[in-house]
Every structure is written in structure tokens, then in C-alpha cells.
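Below: one structure, written as C-alpha cells.
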Amino acid sequence: MAAALRVVAAGARLSVVASGLRAAIRSLCSQPVSVDERIENKRRAALLGGGQRRIDAQHQRGKLTARERISLLLDPGSFVESDMFVEHRCADFGMAADKNKFPGDSVVTGRGRINGRLVYIFSQDFTVFGGSLSGAHAQKICKIMDQAITVGAPVIGLNDSGGARIQEGVESLAGYADIFLDTSYLFITGPDVVKSVTNEDVTQEELGGAKTHTTMSGVAHRAFENDVDALCNLREFFNYLPLSSQDPAPVRECHDPSDRLVPELDTIVPLESTKAYDMLDIIHSVIDERDFFEIMPNYAKNLVIGFGRMNGRTVGIVGNQPKVASGCLDINSSVKGARFVRFCDAFNIPLITFVDVPGFLPGTAQEYGGIIRHGAKLLYAFAEATVPKVTVITRKAYGGAYDVMSSKHLLGDTNYAWPTAEIAVMGAKGAVEIIFKGHEDVAAAQREYIEKFANPFPAAVRGFVDDIIRPSSTRARICRDLDVLASKKVQRPWRKHANIPL
Amino acid sequence: MAGLRVGTAALVAAGRRLPRQLMRSAAPWALKTFDKILIANRGEIACRVIKTCKKMGIKTVAIHSDVDAGSVHVKMADEAVCVGPAPTSQSYLNMDAIMEAIKKTRAEAVHPGYGFLSENKEFARCLAAEDVTFIGPDTHAIQAMGDKIGSKLLAKEAKVNTIPGFDGVVKDADEAVRIAREIGYPVMIKASAGGGGKGMRIAWNDDETRDGFRFSSQEAASSFGDDRLLIEKFIDNPRHIEIQVLGDKHGNALWLNERECSIQRRNQKVVEEAPSIFLDPETRRVMGEQAVALARAVKYSSAGTVEFLVDSKKNFYFLEMNTRLQDPYKSFGLPSIGRLSQYQEPVHLPGVRVDSGIQPGSDISIYYDPMISKLITYGSDRNEALKRMEHALDNYVIRGVTHNIALLREVIINSRFVKGDISTKFLSDVYPDGFKGHTLTKTERSQLLAIASSLFVASQLRAQRFQEHSRVPVIKPDVSTWELSVRLNDEDHSVTASSSGSVFSVEVDGSKLNVTSTWNLASPLLSVSVDGSPRTVQCLSREAGGNMSIQFLGTVYKLRVLTKFAAELNKFMLEKVAEDTSSILRSPMPGVVVAVSVKPGDVVAEGQEICVIEAMKMQNSMAAGKTGKVKSVRCKAGDTVGEGDLLVELE
């Protein structure tokens, strides 16, 4: 017996050199062994996935194995695996043969902790049949998902699979699955199918690489340098989220004083209303420790979204970016924002909105593309969100786009204007051209319009903004407001679900 | 009292004290001052003048360009007038607009600060015509001292030591050799009209003198249209020491003590020190008296500086007299433009003064001198002043723009500097290949690694500290010792760290250190004690992927801290393929595109000029990295470009 065990151990090592020996060694093991030994053997095999040769190949591609990823993502020693002994049940094409059976099949599942907080996890194992989805594979994933739902904990999926349909039907954090730069692709149909159907020549990278999905399609929310970088960032990101929709936004220890004044904000908005500035500068200065986890940083850059903290509590930030396309709203940025607002509302994360929006982007491309429909998504998302909503108008808040950006009219809890705010139907130049068409002294009319409307007062006297604040006090004001709003509750009449204009 | 003064960011120091110049006459205490003056300048100097005016009860008028509308000097002044758009030629040098502003605000006098219009005779004339006082020396003195040869002759007459030499038209090479022998080798030959070190040649023998004569006379004729040459004794490794003088309109003049300004880069002062540890009381007295004699000789009626070169035997020679109120210190060559995202002056420390014209959020514009501030420390002795300077530099928070704190700190702790063994060649001697940051000793490296590791662990531990209100309890990982791998300068170091409260026991490459701090992860400054020795470090960035940059001993170091396990796995990660920079041209700095020399389809040769970017008054020619065809041009003349912006793509 002991001899047999040693042989297996040797076999495991040998497979590093030549997996062709594997079958021969397995046949040596086929003599009766005790249950304990069988358990041990199976565990050993499971830990090795598709074998050392495939592990090496995975490494050579600059990728980590399913288990290495789990170890890096979770707190050391916290992983509790389930279904290590599950094997696929396919009998066709010789799959029933022993050499085609891998304990655990092509996915590793279980639970563990990230910074002490519970999480369920599945990690597809590319070394086993390219991580492809089998019935057993799907069943394992469903099992941990069901468990996660019963205890109210999140699920993280690390996808590395040739047959990548797993995302469908996966709820929870799936929307925030990460793509790893340069080593990952994601598409419905690959380049070959594309070529035969539409006659387009396209590479895997162009069709479904990280760059495509983070800059053009908006399918992926962020790309990272490599597996290690991505998993380190995923740990960081996880800390912003509550375990489930039943939990409040987490509050982490904070070293940044909540009443810190931010003098640099008093000069950040340029005097000329046509001059751009970086909304990220405002966001960094206001939130805790300048620590901003931006989501979709390279897609629809005219709208900035991401997570930060205020006095330790997670908040979702939405801000127009004057540096890109003057910060206007268009189809892509509206959808980007709407998705994010829904996410925050679903997970009890308060929303802070920084507004500097000159309007919706005009043009046939936008109208034919359905900007009204897509803009409505953002409007609807803000209107329906019941989490605390604090809005700061830093400069322009023009027309319909003003309404959309978490305005008082969409039930913003606290709406502030900076002294530089201009809340109006449109810019002075455009307005004057319409009102005073053919008028002699256009310049004077423009001056009059600016004097009357291009300032925070018309909105303030109507109560559309709650206060006009010094920019330097913005952080202190928001922190105080969020403390008060922590107990916010909104009662809505029962309905099956709301009807967002999809 | 010993004092030390450095310019932070791109500049250099050396402010002359201004308050006393604000009076109309030699006996200021006896006379009324102005009611209102206009300051025809910006930035640090404008702020300083305004501050002094406030103390004296004088109302102030600031002028500004439109981009400067929100700047500090505008806010400080009682009134402010916009004199034009950003370029200095249209604003701070725009005499018509400034004269208009003077009339409008009824300012009685104008303080020109330094640079800009401070030496402009035309401006002085305009002011005189309007009966507005120009606060500064009169035009006669400016003229007398403005010419190198003329000022030397005047100095000679006033019995001021001058460098032995000849100035005037030299007939031929033989005459040059004769003169050189008379003076004694080595000699320096240059065109009289040329400024600074430009076109200067050193000759150690007759042959070199002939060569020097030929080059210099050609240059004199072609570049300056002025045949005169200067041949004088070359003072090897000189010190630059200057004496400040004050003169009034009644012929009185007096001297204040000296300033040692030998630490220079391209003739721009980097560090100033007073008193000089080199001068003895007797030399100081003689230098002072000669300086005063010169001031009297030109009927000098303002504050000024008489610059001397001093050789190793304390022989001193008159160099020039600075009739400006202040030197128009030019860029030190470090681009420091952008937005000051964070800014904190170390003024809470004892014996520290900061003269600056900026505040958090200020834009350091491409249009003006990138000087941010001057940092001054005082102490009861030199050592104390130096220590305070070191501490002040460590506590100076400047984010968003580049600065030269690393160099300044390195200079003041340099053993040659501390000993006082300096000359004007100090920087080029000590950093022959340019300054590349502090070189860590083994101990310092261990300290840095220990601090970075502790910071990493502190932030990891903090990441587990949640306000407990979840249904599912947090179970913190049971890790008492952290095995880390820290990468610094492409080298991996093994570190183990364990924490008990605020104290971290760290083992770096086998040696043990104790690191204590409050571990405040929000503050830009972190006071740390490593084995009892205090260090102030600044953590500039800390990323989830383990990358951090830490300012330690003035220099910013990039590190990557990973757990040992992550570092092992990181070895499998592919090296990122660097962008092929030969086929693309990116802007190396923020600036304005002055000219674009190519269009798509053009074939360019390697090294051929593609476009010109102007930044900080410097034109930078951007050349093709390889021979090829222009694929696309992404900029046009007049565009404002940021650092790293794509300008031109080659195929």
C-alpha cells in the first residue's frame, strides 16, 4: 500500500516531465487502495488541475492558475473549497476515460474572506479542457451561488474559459468582472465566425481585447496590467461594497478629517466659462485620502464614475468631465452613468454628483441613436434611487442635462451650488441669439442675460439648490449631510418592479 | 544669526530686502510715505511688496494678466487691474495698459519688482512724465552699471578691486598675447558686449590666447556688432559673494553684510547663505567699504547689490553691480508647470520663512517664470540653520508640479558644502553628469525599505478595520508576521514585518529595524522614527497593485511592495512591451505649439525638426526619432499641449 502511494507521488512529479507517462502510472494505481488514500489521491489530483504541463503553459502565457488566483484574492488560509470531487459526466468522444476525468472539473469553487469579509468564489481552470463549461462545472457554480444567496454574501467569478457563456445568468458582481490586459478576450462569436458571416477581418484583440471592451464597447469596467495587478485591485474594490443589498454601505476606518477644508477648490473653476478643468481634481480633493476607484475610466470619458469614501463610508461619485467634450451628456455617458447609479442604489451606496454640464450633445448621430431614450435611463436611475443623494453644481447646469444630473427635481436630498454655478436653460450666447434675434446690441443683451441667469441665484431663490457654498467647504458639508442622511428611508407603493426605459 | 535661503522649484533664491526702498528719501522716518502704490509685477515679489506696504499702511494696486486673475497677489492687493492676456508682452510688459492702470487708480508710485519693467528706461520716462515716482534706482545709475566695461572703469576709479585685465579694441592676436602676458596666465577672453559666460574662452598660454582672440573677435563682430574684447585674469574656482548697499539721494550710502551665492547653476543662484563662512571680518569690511565707494561714485539712490568674485586667497574682484531691485531669476531648467494639487509650506517650523506667491490650487503657468517660492531658514549658528533647512525641505509639500527639493536638500547636506569648500563650479563638479537624486547608503536603503514595508502593512491592516454593522461578522486574517518582497531600483529585497500597535519590527535583508509612527494614511507628511532617528517622509502615491512612491531624504523613490506569495506569482507576469517611441512624437512638457514643420505624407529624416514647442519662454525643437513618412499630425501652431500629448505619428 505504502508502495502504491509513493508511486502516485512520484507520478505527480513525473507528469512535470512527461504527461504521457500519466496513463501508465494511473494503471499502477488501479490496485485496491483504502478510502483515505483515494481521498488523498483525488485531492492531490484536484490541486494539480490539468497537470503541471498545462500549468506551465498557463504561466508561460503570463496567466495564473485558477487556484493561484484564488490564493492571491482571498485572505491567506481563508479558502474553503467545495465540490473538489465533482467530475464531469460526459461519456461521448472518449470523455469517460479516466485520463479525461479531473477531480473538480474545470472550475474551482468555494468561499473565503477578503479583508475578513465573507465572499463566495468560483475560478475557472483553463488547464482543464480550457476552462470550458460542462454540466458539472455549471452545477458547481450554481451551488455556491445558491449558498451565497441564502447567507447574503457576494459571489466573485474569475473567468478563464474558452466557452465563455458563463456570464449569462450570473448576477451579483458579474457586471464588474475584470478583464486582464493583453491576455484576455471576450466575444459572442470569434474572428473566424465573424469572417464567415460578415466578411470582416479582425483579430481577437481588436474584436474582444481589453482595449476594445474598456474603451469602445463598455463591456468591461476596467482593465489591469496583469493577473496580479487585477487581483490586488479587486481586493481593494471589494472593500467598497456591502456584502449584499441587505447591508448598508461599509464604513472603513478613516484618517482624513471629515471637516477638512479644501482651499484649492476655491480657485479650481476657471473664470472663463469656456475653459476646461479636471473634474477628477475636485473628486480627489473632496473624498477621503484622494483615494478614488474609478470605474470605466476609458469609456465615455465625458462622465466620470467611481467609488470613494466620505468619512470612511463608501460613496458613489458621478461627475461631468469638462475636460472631455466639455462634459456634455451623450448616449454612451448616459448609459454609463445610469448603470452606475442603479448599481449604487441597489447596494445602498450614497450618490454624490458633481455637475458641470453644458447640455446634451446635439447632432443626428445622437438623435438617430436614441439619445432621448438613453438619456432617460440616467434620469430614471437618479429619480428612482432612494439612497442619499447629494449634488454639487460647480459651474454649468444647462437645460435638460441639468435636470438629469441628480437635480432637486429628481428628489436630490441636498443640492449645493458653488458661487461659479450657472443654472440656466442654456448658455448666454445661445440664449441671446434666440431671444434677441436681429437685435442691434447683442453684446449688451448677452451681458444682461449673464447678469440675470448665469449665476446661482435664480435657482437658489426658487429652492432648486439648498445653499450656495464656498467650494472649500464642500467636503465638510457633504460629510455632515451623509451623517444625517444615513437613516434616510423612502416608502414606495408595491410594484412588481419599476419600468426603467431600457 | 546664520541664514540660508534656497529657491524651491526651479529657482533660486536671494531676495533683496525691499521695505526700506519704499521711502521717498534718505530719512524715511522723517517723511510721509505714499498713500497708494502700484506693483508692476506678479508672483512672489509682488506679494512681498504688498505685504510690506500693508505693514506701512500704504494702499496697493496689483496688475495682472487674465490668467492671473485669481492669483495670490491679486487677492492680497487692495485693488487690481487686468492689463491684458497671458503673454507678458501683452500684459506685464504692456506699458500703455499699465500707465492706464496707474491713472485709473491714482497710484502715486510704481514698484517694478524685479524683471519685467524694472530696468526699462522708457517706462521710467513715462512715469516721470506723469509725475509718478519710480521706486528704484535712477536711470543714470542703471545706465552706468549696465555696461560691463563702463562699470569696470567706474569701479577702478572708485578704487574698487577689479580683475586685472584689459578692455577695449584689441588690434590683433599679437597684441592679445602681449596683454595676456602682462596680466599673467590664465586669462579669460570674451566679447565685451556678451553677457554671462557666453562665448567665454580660457587661455593658459600664448597659443590658446591667439585662438581665443580669433574666436572672440569673430563672435564680437557677428553676434553683437561690437568689436571690443575683454581680456582679464581668469579666476579659477571662484566664489561668488555679494554685498548689499543702500544709497539715498543725499549722497549717503551704507553696506549691509554679504551673501554667499556660490552655489549656482548656469549662473543662476540655487542656494544663498549669510554670513559667508569664508570671509573674515577684515575682508568683509574692505569689501563693504569698496561697495559703498562704488555706490557713491554712481550716486546710487536705491538698494542694490555689488557682486564680487573671491579667490581661494580671499582676493576679491568686482564683478558687476546689480541695479535691479532684484535679480530676475530665471528658470533653473526644471519644468515646474501645472496645477498645485497640494501645497503646504513648512512655516509651522521654527526659524523658517517662505516667500511665495502661490497657494494650493494655483496654476503654475507656462507663460511666466516657474519659480514657486523661496525658502529661508535662520539659526543661532550655521549648523542650526542647515538642520532647519533640511527639516523644512522634508516638510515642504508640493504636489502636481515638479520641483528641485531633492537637489536643494542634497546640496545642503553635501560634505563639501557643509565644510564650506565651495565655488561657483560646485554643482558641475559634484554632479558632472547632472543631478540624479540622492544616493542611498546601505543604512538609508534599509530605512526606506522598512518604512515602505511598514506603510504597506499599516494600510493592509487598516483595510480590515470596518465599523461593524454587517449581519455577517468580519473575521480578520490571523497574520502576525508579514513576509514581503520589496522592489527598489530593479532589485528585490526580502522583508519581514510584524506590528504591535504603532511600532513595526522589520527585518530587511537580514538587519532588524524598529519603525514607529502614527501611521496616518491621510496626511501628506508622515513623521517616522527608525531605530530612534526621526525622518519625515511623504507618501506621494500608494496603489492597490503595490506600487508606491515615497519622498525620502528629499528624493522620490518608486517602490513596489508585494507579499512574498504575490511576488512569486508576479514572476510569471509578462513584461509590458514598451511603446515604440521612435514612430510617435509626444510633447515632453506642457506648452504652446509655435510651429509645425511637417504635414501628413511628408518624408522626414531622423533628427529632422518636426515642430517647436514653447514652454517657460524656451523654444524646444522636437525632432523625428527615425526616418519615415508622416502618418498624421495631431497638433497645429497655437495649440496648447499637455505633457505626453501626441503631436505627430510616423508610419
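So that the names make sense, note that chain A is the first sequence line, chain B the second, and so on, each numbered from 1.
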Evaluate the criterion side-chain contact (heavy atoms from CB on, under 4.5 Å) for residue pair Leu340(B) and Glu264(A); output intermediate values, then yes/no. CA-CA 8 Å; Leu340(B) 273 176; Glu264(A) 57 265 37; over 6 Å; no
To the nearest 0.5 Å, what is the distance between [atom1] ([X]) and [atom2] ([Y])?
{"X": "Arg339(B)", "Y": "Ile268(A)", "atom1": "CZ", "atom2": "CD1", "answer": "3.5 Å"}
{"X": "Ile475(B)", "Y": "Ser78(A)", "atom1": "CD1", "atom2": "OG", "answer": "10.0 Å"}
{"X": "Asp229(A)", "Y": "Arg560(B)", "atom1": "CG", "atom2": "CZ", "answer": "6.0 Å"}
{"X": "Trp519(B)", "Y": "His255(A)", "atom1": "CH2", "atom2": "NE2", "answer": "11.5 Å"}

Taking Gly77(A), Pro270(A), Ser71(A) one by one, which has the highest count of heavy-atom pairs under 4.5 Å against chain B? Ser71(A)
Could you check which of Val262(A), Asp278(A), Asp281(A) has the highest count of heavy-atom pairs closer than 4.5 Å to chain B? Asp281(A)
Residues 537-545 of chain B side chain polar contacts: donor-acceptor under 3.5 Å, at least two apart:
from: Gln538(B); atom 1: OE1; to: Arg399(B); atom 2: NH2; distance (Å): 2.9
from: Gln538(B); atom 1: NE2; to: Asp394(B); atom 2: O; distance (Å): 2.9
from: Gln538(B); atom 1: NE2; to: Tyr396(B); atom 2: O; distance (Å): 2.8
from: Ser541(B); atom 1: OG; to: Ser549(B); atom 2: OG; distance (Å): 2.8

With side chains defined as the heavy atoms from C-beta onward, is the minimum distance between [X] and [Y] less than 4.5 Å?
{"X": "Leu569(B)", "Y": "Leu72(A)", "answer": "yes"}
{"X": "Phe466(B)", "Y": "Asn239(A)", "answer": "yes"}
{"X": "Lys75(B)", "Y": "Thr267(A)", "answer": "yes"}
{"X": "Phe565(B)", "Y": "Pro76(A)", "answer": "no"}
{"X": "Met573(B)", "Y": "Glu225(A)", "answer": "no"}

Please flag which part of [X] lies under 4.5 Å from any non-hydrogen atom of chain B: side chain, backbone, both or neither.
{"X": "Gln60(A)", "value": "backbone"}
{"X": "Arg290(A)", "value": "side chain"}
{"X": "Glu236(A)", "value": "side chain"}
{"X": "Arg252(A)", "value": "both"}

Which heavy atom of Arg471(B) sits nearest to which heavy atom of Asp247(A), and what is that distance? NH2-OD2, 2.8 Å
Among Gln359(B), Lys476(B), Arg465(B), Arg462(B), single out the residue with the greatest number of heavy-atom pairs under 4.5 Å to chain A. Arg462(B)
Strictly less than 4.5 Å between heavy atoms, which residues of residues 65-74 of chain B line up against chain A? Please order them by number. Ala69(B), Gly70(B)
Gln464(B)/Asp75(A) under side-chain contact (heavy atoms from CB on, under 4.5 Å): CA gap, chis, key distance, verdict: CA-CA 11 Å; Gln464(B) 304 161 3; Asp75(A) 295 343; 5.7 Å; no
Does a sphere of radius 6.0 Å around NZ in Lys558(B) hold more than 12 heavy atoms from other residues, nucleotides or ligands, not counting ones at 6.0 Å or beyond? no
